[in-house]
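As the structure is a prediction and not an experimental result, all values here were calculated from the model. As the structure lists them, so they are numbered: ligands from 1, and atoms in each ligand from 1.
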Amino acid sequence: MCKEATTERKGGIYIHIPFCVQKCIYCNFYSTTDLSLTRDFLSALKTEIRIRRAALQEFNTIYIGGGTPSVMPPEQIEELFEKLYKNFSVVPDAEITMEVNPGTVDLPALKRYRKVGINRLSIGVQSFSEKNLRFLRRIHSASDAIKTIQEARNADFSNISLDLIYGLPGQTLKSWEKDLTKALEFAPEHLSCYMLTYEPHTPLTSALNKKHFSPLGEKETGELFMATPSFLARNGYLQYEISNYSLRGIFPSMHNQKYWSFHPYTGLGPSAHSFSGNIRFWNHRSVTRYIEVLKKEQLPIENKEVLNREQKMIEAIYLGLRQTDGIDLENFHANFHKRFEEIFKNVVALLENKKYLEMNQGRCFLSPQGMLFLDSIAGMFAGTDF
Ligand code: SF4
């Protein structure tokens, strides 16, 4: 959805903490397991915060992601926030999220996070099945995950999101619903349910190519994808994005919505992306390179791109279609001076005919079935001559 023309434009801050205890088999995010670098990394991050200080802009979301931010000692997280608050203007009721992984946090650490202003936790549970956790090479057990959720509540976190993965080898609808049911026992305010994907250069894909296991079939994976929104809706969780659900529709991630709506965000840390207007730029991926460059008091920017109107339009369509609200046709016209329904009438008619897409009340959105083919449908719009 392209909300540029209608909503206020406070910024978001994303901080990438590039450390993990060990690499999970499916992961292609940038992170290193060399935890001896955390102190040098923090010094570099503080330098980046100082150089990029934004005195005039107000920020209403902060997201500390990774990697596994909770592998940083709590005193380093406190130091980070002290620096951040000094250099960026964060509004008092800002949504401040930190990703934590079971097995890397305890109650005292969670209490310290709460004290520095973190008010939302995203907990990397992934599954409550020991077999699945072992397959994914997570460092934690199901009981570690349960302990972290309970400790988060005890540390006064009233906005918790749980990450779950589905589409694992051998998974059935019954076993996936068992995982979801377990998650719902803790009444999280938010759930992210990600389909397992086979990314290039991951140990998972390499094991698949060597036929070390049989992946779940496309049909079976599609069934889990289709069953998830209705199962969660019956339990009070409304889907607002392809992988995201909010309790009674009132706890969506404000920060992630910025990414899908072209709101400005400032990314700090290795590989972090920043965006404002039409410009996107990103930092070096390697933590050692990041540290080196900042030691010289230089910005760690690796590259940037300037989006032209057509590129931004295609992104707006892709980002809009991944949200259940879809594309706001009036906003689209206000932003791009073209009528969506006119320039894409052939693609729209074709997709409506297949029941993959609907046009209703000034919006264009995908049906649950259409969401399953989001990438190829977005490709059809991108391939239109407009
Ligand atoms: S903990 Fe998260 S970031 Fe780290 S390797 Fe696993 S999936 Fe990737």
Side-chain angles (χ1 to χ4, degrees), residues 14-38 41 45 63-73 76-77 80 97-106 109-110 113 118 120-149 152 160-169 171 179 183 188 190-208 243-244 253 255-256 259 267-273 282-288 290:
Y14 173 76
I15 300 186
H16 190 78
I17 308 286
F19 300 104
C20 288
V21 176
Q22 81 180 20
K23 284 300 281 186
C24 304
I25 193 169
Y26 55 95
C27 180
N28 71 340
F29 291 124
Y30 176 67
S31 68
T32 166
T33 52
D34 183 357
L35 303 186
S36 69
L37 291 170
T38 60
F41 161 71
L45 182 59
Y63 194 103
I64 315 290
T68 305
S70 46
V71 298
M72 299 271 286
Q76 293 187 6
I77 297 293
L80 162 62
T97 306
M98 177 161 152
E99 289 178 354
V100 300
N101 278 329
T104 61
V105 273
D106 56 15
L110 290 164
Y113 301 158
I118 295 165
R120 184 172 182 273
L121 279 189
S122 171
I123 305 175
V125 172
Q126 316 311 350
S127 176
F128 290 99
S129 140
E130 299 297 350
K131 188 172 146 246
N132 289 348
L133 290 171
R134 269 198 308 276
F135 175 79
L136 296 169
R137 284 201 211 140
R138 300 291 298 184
I139 60 161
H140 68 268
S141 63
S143 53
D144 290 332
I146 292 168
K147 184 167 166 275
T148 300
I149 299 167
I160 289 177
S161 177
L162 306 182
D163 279 3
L164 296 172
I165 293 184
Y166 67 94
L168 286 96
Q171 196 169 34
D179 249 357
H190 188 275
L191 281 168
S192 297
C193 300
Y194 297 108
M195 186 192 285
L196 182 69
T197 53
Y198 293 84
E199 303 295 337
H201 315 301
T202 56
L204 179 69
T205 302
S206 141
L208 175 74
S243 308
N244 287 291
S253 160
H255 183 83
N256 286 341
Y259 299 142
L268 304 162
S271 79
H273 285 54
W282 53 94
N283 285 348
H284 294 294
R285 263 171 84 85
S286 146
V287 65
T288 44
Y290 175 82

For the pair Gln126 and Tyr26, evaluate side-chain contact (heavy atoms from CB on, under 4.5 Å) and give the outcome as yes or no after the intermediate values. CA-CA 12 Å; Gln126 316 311 350; Tyr26 55 95; 4.0 Å; yes
Could you walk me through whether Asn244 and Tyr194 pass the side-chain contact (heavy atoms from CB on, under 4.5 Å) test, one step at a time? CA-CA 8 Å; Asn244 287 291; Tyr194 297 108; 4.3 Å; yes
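The distance from ligand 1 to the heavy atoms of Cys27 drops below 4.0 Å at these ligand atoms: 3 (S), 5 (S), 7 (S), 8 (Fe). Near Thr68, with a cut-off below 4.0 Å to any heavy atom, the atoms of ligand 1 are 1 (S), 4 (Fe). The distance from ligand 1 to the heavy atoms of Tyr26 drops below 4.0 Å at these ligand atoms: 7 (S).
With hydrogens left out, the protein atom closest to atom 3 (S) of ligand 1 is Gly67 N, 3.3 Å, a heavy atom. Asn101 ND2, 3.3 Å is the protein heavy atom nearest to atom 1 (S) of ligand 1. Looking only at heavy atoms of the protein, atom 4 (Fe) of ligand 1 is closest to Cys20 SG, 2.2 Å. The nearest heavy-atom contact from the protein to atom 2 (Fe) of ligand 1 is Arg138 NH1, 4.0 Å.
No more than 12 heavy atoms of other residues, nucleotides or ligands sit less than 6.0 Å from atom CZ of Phe29.
Closest heavy-atom contact between Leu191 and Ala183: CD2-CB, 4.1 Å. Here the closest heavy-atom approach between residue Tyr166 and residue Cys193 is recorded as CE2-O, 3.7 Å.
Taking backbone and side chain together, Cys24 holds an N, O or S atom under 2.8 Å from atom 6 (Fe) of ligand 1.
Looking at Asn101 and Ser70, their side chains never bring a donor and an acceptor atom within 3.5 Å of each other. Using a 3.5 Å distance cut-off with no hydrogens or angles, the side chains of Thr33 and Lys23 do not pair a donor with an acceptor.
Residue-ligand proximity: Glu99 is placed with every non-hydrogen atom at 4.0 Å or more from ligand 1.
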